[in-house]
Amino acid sequence: MEIPAARDPVQAARDAFGDAILHVKQFRGETTLVVATERLPELLGFFRASPGLVYNMLSDVSAVDYYPDDYGDAYDGVQSDYRPERYGVCYHILSMLYNRRLRIKAFAAAADPRLPAGTSIFPAANWLEREIADMMGIAFEDHPDPRRLLMPEDWHGHPHRRDYPLGKETVAFSFNIEDIHAHKPFAKD
């Protein structure tokens, strides 16, 4: 059996999908493709099944909240990143045949964060997408099991969002222990 020669994933995606590839970022040997949200499953399927690419393993799905409206920070007059919306979701895929990695990134709007689910292409995305839906509030359309994964069903909010209120408790030291105990709800006899 002959193994096809490795293809450039960026050029292959541009040839097959044209304007669905919104931005390409090369940084320290890592390649990130920012893609049109509605074409995400189609692109994942393309990278998984195309000869010369064969990105057959999903290693992770991660999400970033770019709140507040800091989309497109500039450093020395050069835009540092491409951020058209508040939420970015990255699918980290690996070609075990060619030993190379690729990051596919899609964005979701702040008002109604939704993305198509990648579970039909990579079944391993199931729990990873559920974690993102639970902690970031990004809904994945056509997901086979959209229940909350980490937080209770009656929990309000999404703790990994940058605008989620932080809860804190004062650290007890020898000098402030009486004040802390005075405000704690201890059980009554």
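Just so you know, residue 1 is the first one in the sequence shown, and it goes up from there.
Legend: ring pair (Phe, Tyr, Trp, His ring centres under 6.0 Å) pairs involving residues 117-176, not counting sequence neighbours, sorted by first then second residue: Phe173-Phe175. Sorted by first and then second residue, the ring pair (Phe, Tyr, Trp, His ring centres under 6.0 Å) pairs with a member in residues 5-42 read Phe17-Phe46, His23-Tyr82; sequence neighbours excluded.
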Stepwise side-chain contact (heavy atoms from CB on, under 4.5 Å) check, Leu150 with Met135: CA-CA 8 Å; Leu150 300 171; Met135 303 306 276; 4.0 Å; yes
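Cluster membership for Val54 and Ile121, using ILVMFWY side-chain heavy atoms within less than 4.5 angstrom, is not shared. Taking hydrophobic clusters as Ile, Leu, Val, Met, Phe, Trp and Tyr residues chained together by side-chain heavy-atom distances below 4.5 Å, Leu40 shares a cluster with Ile21. Hydrophobic clustering (ILVMFWY, side-chain heavy atoms < 4.5 Å, transitive): Leu94 and Ile104 are in distinct clusters. Hydrophobic clustering, with ILVMFWY side chains joined whenever heavy atoms are under 4.5 angstrom apart, groups Val89 together with Val24.
You'll find the side chain of Phe107 stays beyond 4.5 Å of the side chain of Val35, heavy atoms only. Within the 4.5 Å cutoff, the side chain of Tyr91 has heavy atoms near those of the Leu58 side chain. Looking at heavy atoms from C-beta onward, Pro116 lies in side-chain contact with Thr37 at the 4.5 angstrom threshold. Within the 4.5 Å cutoff, side-chain heavy atoms of Tyr55 are placed close to those of Pro9. Using a 4.5 Å heavy-atom cutoff, the side chains of Asp145 and Arg130 are in contact. Looking at heavy atoms from C-beta onward, Ile93 lies out of side-chain contact with Met57 at the 4.5 angstrom threshold.
Salt bridge Glu30/Arg103: present, at least one basic N to carboxylate O contact under 4.0 Å. With respect to the salt-bridge test (charged N to carboxylate O, under 4.0 angstrom), the residues Asp134 and Arg148 qualify. Between Arg86 and Asp163 there is a salt bridge, since at least one side-chain N of the basic residue sits less than 4.0 Å from a carboxylate O of the acidic one.
Remark: Asp112 CG is packed, more than 12 non-hydrogen atoms of other residues, nucleotides or ligands lying under 6.0 Å away. Heavy atoms from other residues, nucleotides or ligands lying under 6.0 Å from CD of Glu2 number 12 at most. Within a 6.0 Å sphere centred on CD1 of Ile177, heavy atoms belonging to other residues, nucleotides or ligands number more than 12.
Among all heavy-atom pairs drawn from Arg161 and Pro113, the shortest one is NH2-CG, 3.8 Å. The two residues Thr31 and Gln26 make their nearest non-hydrogen contact at OG1-OE1, 2.9 Å. The minimum heavy-atom distance linking Tyr66 with Glu85 is given by the pair CD1-O, 4.3 Å. Considering all non-hydrogen atoms of both residues, Leu128 and Ala124 come closest at CD1-O, 3.6 Å. Closest heavy-atom contact between Ala63 and Met136: CB-CG, 4.1 Å. Between Arg100 and Leu53 the shortest heavy-atom distance is NH2-CD2, 3.8 Å.
Expressed to the nearest 0.5 Å, how far CD of Glu42 lies from CZ of Phe47 amounts to 11.5 Å. A distance of 10.0 Å separates CG in Leu43 from CD in Glu38, rounded to the nearest 0.5 Å. In this structure, the separation between SG on Cys90 and NZ on Lys105 is 4.5 Å, given to the nearest 0.5 Å.
Between the side chain of Asn56 and the backbone N or O of Met96 there is at least one donor-acceptor pair closer than 3.5 Å. Of the possible polar contacts, one joining the Asn176 side chain to the Val171 backbone as a donor-acceptor pair under 3.5 Å is found. Side chain of Glu129 to backbone of Gly118: a donor-acceptor contact under 3.5 angstrom is found. For the pair Thr119 (side chain) and Asn126 (backbone), a donor-acceptor distance under 3.5 Å is absent.
Every residue two or more places apart in sequence or in another chain was checked for a side-chain hydrogen bond (donor to acceptor under 3.5 Å, both in side chains) with Arg101, and none qualifies.
Test Leu115, Ile138, Ile132 against Tyr87 for side-chain contact (heavy atoms from CB on, under 4.5 Å) and you get one pass: Ile138.
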